[in-house]
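Chain identifiers are assigned alphabetically (A, B, ...) following the order of the sequence lines, protein sequences preceding nucleic acid strands; residue numbering begins at 1 within each chain.
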2 protein chains.
Amino acid sequence: MTLADVNMVKVTSTAKENGSYHHGDLRRALIDNGLQLLEENMEANLGLRQLARLAGVSPGAVYRHFVNKEELLVALAVEGFGRLTQKQSRAYLEKKTVSNAMDAFRAGGAAYIQFARENPALFRLMFGRFSATHRNEELAKASKLNRDMMMLSISKVLGGERPARELHAFCVGTWAMIHGLSALILDQQLQEEGDDLDGLVEDIIRGASEWE
Amino acid sequence: MTLADVNMVKVTSTAKENGSYHHGDLRRALIDNGLQLLEENMEANLGLRQLARLAGVSPGAVYRHFVNKEELLVALAVEGFGRLTQKQSRAYLEKKTVSNAMDAFRAGGAAYIQFARENPALFRLMFGRFSATHRNEELAKASKLNRDMMMLSISKVLGGERPARELHAFCVGTWAMIHGLSALILDQQLQEEGDDLDGLVEDIIRGASEWE
DNA sequence: ACCTGAACACCGTTCAAGT
DNA sequence: ACCTGAACACCGTTCAAGT
């Protein structure tokens, strides 16, 4: 890791195929390269200069599209929330047409955990990296959209004739369980030797959907 | 942040009070300063040179006690797991003598969440920063000790006459909920304007202890 | 054994100057 | 408007040399 990443291939090939001084859509290219790099390295270090190099552009060029590195990471997180929400809503819809709210919740929860396992670095970037200070509006909106979708899905599992406060606590608790499960899996906290992790996840989600 | 942290005071004052070429216990001083800095900055950047400066020592000196920066962070995480476990076991013991398993679990769960809120940067360092590759043995032991304690506490809430697999899923699910709740609170995902967060946490823990 | 000082290869960020 | 090139103040890490 001391050497420059010599053997790193250019990931996206937009304009700027030699000669043109201006890159076609540098912002898009930086985000796409960033998302790809996150999952290749499996760690969320993500250098600004590294991304500029991949896009075939000088370090300073990045600052025409993002005020700083943090805003670039925020853009990646926003993209991540969009993809997570899309993945889950697809899972909900599939189940909802042929079955009931409980199956929809199970599918959505499984999709959430699957997303975390498929995109560990992005998931950690989305949650865990940004606190209240760094919170920008677009990110808040993207995460709220996902949150509201999950809460709605969970609330539908219940019959619906219980106090609002109790219902809310139940929904948040269930969401926290799905989220915590994802986090613990990424941190390798649930991997004793030779466990059936998939089976465990299935059992937990099924169990959660049968609480009352 | 572009300037050196000029106005930063020396946090711990061990030996090396001017003149002595050798620091008394540099390893300990680096860890103590690190833990303190984590919560002052609220963010887990934690420069190696920054810590060396605080200890009044050259950057290279750190490498006599830690093979690299990552190992220093691991040491901080180990310390964190120790403190979390201690805090929880105190909470368990208090309740266990005067009451039952359910109260003990509630107290332990509350202590877990309280620890996360009191030490957000440390909590994020403990979980979330180290994946399987970086996992060192001491850290694995410290985190396993905490995990086992929680699992035992949770399993005691149940009567005990149910299949082992179901019991395990229940315990992991409950732990995941406590953990996920902590994580979501730190990420500011549960803070609509003027919510009663403490009340919500209480409701969820109470609800969890009454599942069956 | 423990620490310094100076160097190395990197960062993120800024800014005049180029197209 | 967008990008380059060179500079600035930092990093983490290494290693001869000091005590």
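- Take A:R90 and apply the salt bridge (charged side-chain N to carboxylate O under 4.0 Å, His left out) test, not counting sequence neighbours, and it matches no residue.
- Note: CG (B:L72) to P (D:dC11) measures 15 Å, nearest angstrom.
- Atoms CZ (B:F66) and C1' (C:dC3) sit 15 Å apart, rounded to a whole Å.
- For A:E138, there are no salt bridge (charged side-chain N to carboxylate O under 4.0 Å, His left out) partners, not counting sequence neighbours.
- Among the candidates B:N33, B:L122, B:L73, the single residue satisfying the side-chain contact (heavy atoms from CB on, under 4.5 Å) test with B:L38 is B:L122.
- The list of salt bridge (Lys or Arg N to Asp or Glu O under 4.0 Å) pairs with a residue in residues 59-69 of chain A, not counting sequence neighbours, is empty.
- Qualifying salt bridge (charged side-chain N to carboxylate O under 4.0 Å, His left out) partners for A:R165, counting only residues two or more places apart in sequence or in other chains: B:D203.
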Base-pair map of DNA chain C as dot-bracket, where | denotes pairing with a different strand and pairs are Watson-Crick or G-U under 3.5 Å: ||.|||||...|||||.||

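- Sorted by first and then second residue, the ring pair (Phe, Tyr, Trp, His ring centres under 6.0 Å) pairs with a member in residues 44-69 of chain B form an empty list; sequence neighbours excluded.
- A:F115 meets the ring-ring contact (aromatic ring centres under 6.0 Å, His included) test with no other residue; sequence neighbours excluded.
- Taking only side-chain nitrogens and oxygens, A:H65 never comes nearer than 4.0 Å to OP1 or OP2 of D:dA1.
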Atom pairs, protein N/O to nucleotides 12-18 of chain D N/O, distance under 3.5 Å:
| residue | atom | partner | partner atom | Å |
| --- | --- | --- | --- | --- |
| D:dG12 | OP1 | B:L48 | N | 2.8 |
| D:dG12 | OP1 | B:K69 | NZ | 3.1 |
| D:dG12 | OP2 | B:L48 | N | 3.2 |
| D:dG12 | OP2 | B:R49 | N | 3.0 |
| D:dG12 | N7 | B:R49 | NH1 | 2.4 |
| D:dG12 | O6 | B:R49 | NH1 | 2.8 |
| D:dT13 | OP2 | B:Y63 | OH | 2.6 |
| D:dT13 | OP2 | B:K69 | N | 2.9 |
| D:dT13 | O5' | B:Y63 | OH | 2.9 |
| D:dT13 | O4 | B:R49 | NH1 | 3.4 |
| D:dG18 | N2 | B:Y21 | OH | 3.3 |

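- Remark: B:K144 pairs with B:D148 by the salt bridge (charged side-chain N to carboxylate O under 4.0 Å, His left out) rule, at least two apart or across chains.
- When the side-chain nitrogen and oxygen atoms of B:R53 are compared with OP1 and OP2 of D:dC10, none of them lie within a distance under 4.0 Å.
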